[in-house]
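This report refers to the structure that appears directly beneath it.
For ligands, and for the atoms within them, numbers begin at 1 and follow the listed sequence.
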Amino acid sequence: MRIEENYSLLKHNTFHLPAKTRWFMEYENEEELGRILRDEYFQECVSLHIGSGSNLLFVDDFRGIIFHSQIKGIQVAEETDDSVLLQIGAAELWDDVVAYAISKNWGGIENLSNIPGESGAAAVQNIGAYGVEIKDVIETVEAYSRFSFEKRIFTKDECDFAYRHSFFKNEQNEPYIITHINIRLNKKPVFTLYYGKLNEVLGTYPEITLANIRDAVISIRKEKLPDPDIIGNAGSFFMNPVVSIRYFEKLKTQYPDIPSYPLGNDHIKIPAAWLIEQCGFKGKKHGEVGVYEKQALVLTNLGNATGDEIALVAESIRTAVNEHFGIELTPEVKYVG
Ligand code: EPU
């Protein structure tokens, strides 16, 4: 167990913001976590659990305690002729899990290659890319209660997964800390290739294999998204908004080129990147904050941005998109501080 006081979060957020936390606690197992959660002093503190901070915006220093798991490991919990169930520690880097699965030729998560962050946070956020979401492979989630100090196993239904959402993302459910996720992978992989660009890039490979899908996804992502180790960012800053078909038809008369993804329930998802680009933000710099030139949905720290400055640019984007299109953008990143 490691507890630090007045600790810099610079290495714990991919925006590279120099925020600090009053307390920072890293635990190796549930017993250590339970010990701190039972501590009367820390029970009085506001608290936050983080993964690798790839979806956080620190707008100020944090005045309470931040928890970070060190529970690692990838175990085969069950194996049949067709599938394998893996139990994964919440602190395991998600992309290491994907690489491991592919090395074993187990399919289901290859489209989710190269996404920064840890496995527990991946479930909280229901990460998704190229037509696949982590919910598609999750069977159960193991979580520890801050109040009863007991572990509970959540079925997939109980996890209440939706687009970039889960039961664990709901502020009221934060008492639960994910310790492990259990995912089922396919030994006879079925590929998900419908996402336009993925199909196109895979056409340049001699054959479709899990390793080639991973390679193609990585090359698409590298082309569009800045590497957080080099340029501070948190991936998509906003979620893609969903509107009714009626509203979409109205917009289409005014903007015939508007891209869209029908959701099959009288609703349409519109790429936020397109809306932001139309408002003229793409590639622009606002002091130390950039709107990435290759993907308008990504805000970047050009070097010395503060969380407040990033939040201000995000707010001006929201206002402009609302004024132009009558659509409210919702941040995908979580504001902290
Ligand atoms: N587009 C623009 N301008 C841009 C970029 C995109 O107009 O600068 C339009 C294009 O029409 C393009 C469409 O937006 O076809 C979609 O763009 P892209 O394929 O890059 O996907 P996205 O909708 O912007 C979502 C996820 C990404 C995920 C990709 C691929 C959200 C909020 N983001 O982005 O996830 O990698 O699809 O599946 O749903 C993340 O969550 O951090 C993330 C990067």
Side-chain angles (χ1 to χ4, degrees), residues 13-15 51-57 94-95 98 109-118 121-136 161-166 169 192-202 213-214 216-228 231-243 248 251-252 255-263 268-284 290-300 314 317-318 320-321 324-325 327-334:
N13 74 101
T14 57
F15 264 125
S52 49
S54 54
N55 209 41
L56 297 178
L57 178 68
W94 174 251
D95 198 49
V98 179
I109 51 176
E110 55 285 355
N111 292 35
L112 301 179
S113 288
N114 200 226
I115 298 182
E118 295 169 8
V124 172
Q125 179 69 7
N126 185 22
I127 56 167
Y130 310 105
V132 174
E133 288 179 325
I134 197 171
K135 76 167 172 50
D136 302 335
F161 289 120
Y163 170 54
R164 296 294 189 276
H165 175 83
S166 75
K169 202 175 170 184
T192 304
L193 305 174
Y194 69 82
Y195 198 94
K197 184 81 190 192
L198 180 57
N199 224 338
E200 193 186 306
V201 174
L202 272 168
I213 295 174
R214 173 170 169 79
V217 166
I218 292 176
S219 74
I220 298 169
R221 286 183 72 92
K222 287 205 164 144
E223 198 185 296
K224 278 193 170 182
L225 299 169
D227 179 347
I231 302 174
N233 78 92
S236 301
F237 195 92
F238 298 100
M239 292 198 268
N240 285 331
V242 172
V243 299
F248 177 74
L251 284 175
K252 206 167 162 66
Y255 306 95
D257 297 335
I258 186 168
S260 59
Y261 305 106
L263 295 179
I268 303 267
K269 198 184 260 185
I270 300 176
W274 186 87
L275 300 169
I276 296 168
E277 184 172 345
Q278 298 306 302
C279 293
F281 285 93
K282 189 171 177 174
K284 294 275 162 62
V291 180
Y292 197 51
E293 64 272 18
K294 296 179 193 159
Q295 222 307 356
L297 195 46
V298 177
L299 300 188
T300 59
I317 289 175
R318 287 186 76 204
V321 167
H324 274 74
F325 298 101
I327 291 176
E328 285 270 356
L329 291 182
T330 307
E332 185 189 299
V333 301
K334 179 174 172 141

How long is the gap from CG on Leu299 to CZ on Phe15, to the nearest 0.5 Å? 5.5 Å

What are the atoms of ligand 1, with element, lying closer than 4.0 Å to any heavy atom of Arg221? 36 (O)

Where is the nearest protein heavy atom to atom 26 (C) of ligand 1: which residue, which atom, and how far? Arg164 NH2, 3.4 Å

Looking at ligand 1, would Tyr292 count as a contact under a 4.0 Å heavy-atom criterion? no

Tyr163 heavy atoms, cut-off 4.0 Å: which ligand 1 atoms fall inside? 31 (C), 32 (C), 39 (O)

Can you report which non-hydrogen protein atom sits closest to atom 19 (O) of ligand 1, along with the distance? Tyr195 OH, 2.6 Å

At the 4.0 Å heavy-atom cut-off, does Lys197 count as touching ligand 1? no

Which ligand 1 atoms, with their elements, are less than 4.0 angstrom from a heavy-atom of Phe238? 32 (C)

Can you tell me how far OH of Tyr292 sits from NZ of Lys224, rounded to the nearest 0.5 angstrom? 11.5 Å

Under a heavy-atom criterion of less than 4.0 Å, does Gln278 contact ligand 1? no

How long is the gap from CG on Leu112 to CG on Asp136, to the nearest 0.5 Å? 8.0 Å

Side chain of Asn240, backbone of Lys269: donor and acceptor closer than 3.5 Å? no

Have a look at Pro271, Pro259, Ala296 and point out the one with the heavy atom closest to atom 13 (C) of ligand 1. Pro271

I'd like to check the side-chain contact (heavy atoms from CB on, under 4.5 Å) partners of Glu332; sequence neighbours left out, ordered by chain and number. Asn55, Gln125, Arg164, Ser236, Met239

Enumerate the atoms of ligand 1 whose separation from the nearest heavy atom of Lys282 is less than 4.0 angstrom. 3 (N), 4 (C), 8 (O)

For ligand 1, which atoms have a heavy atom of Ala129 less than 4.0 angstrom away? 36 (O), 38 (O)

Atom 25 (C) of ligand 1 has as its nearest protein heavy atom Asn240 ND2, 4.1 Å

Would you please determine whether Tyr261 falls within less than 4.0 Å of ligand 1 on a heavy-atom basis? yes

With a cut-off of 4.0 Å, which atoms of ligand 1 are near a heavy atom of Gly235? 42 (O)

Nearest neighbour of atom 6 (C) of ligand 1 from the list Gly283, Gly117, Ser236, Ala273, on a heavy-atom basis: Ala273

Side chain, backbone, both or neither: which part of Glu277 has a heavy atom under 4.0 Å from ligand 1? side chain

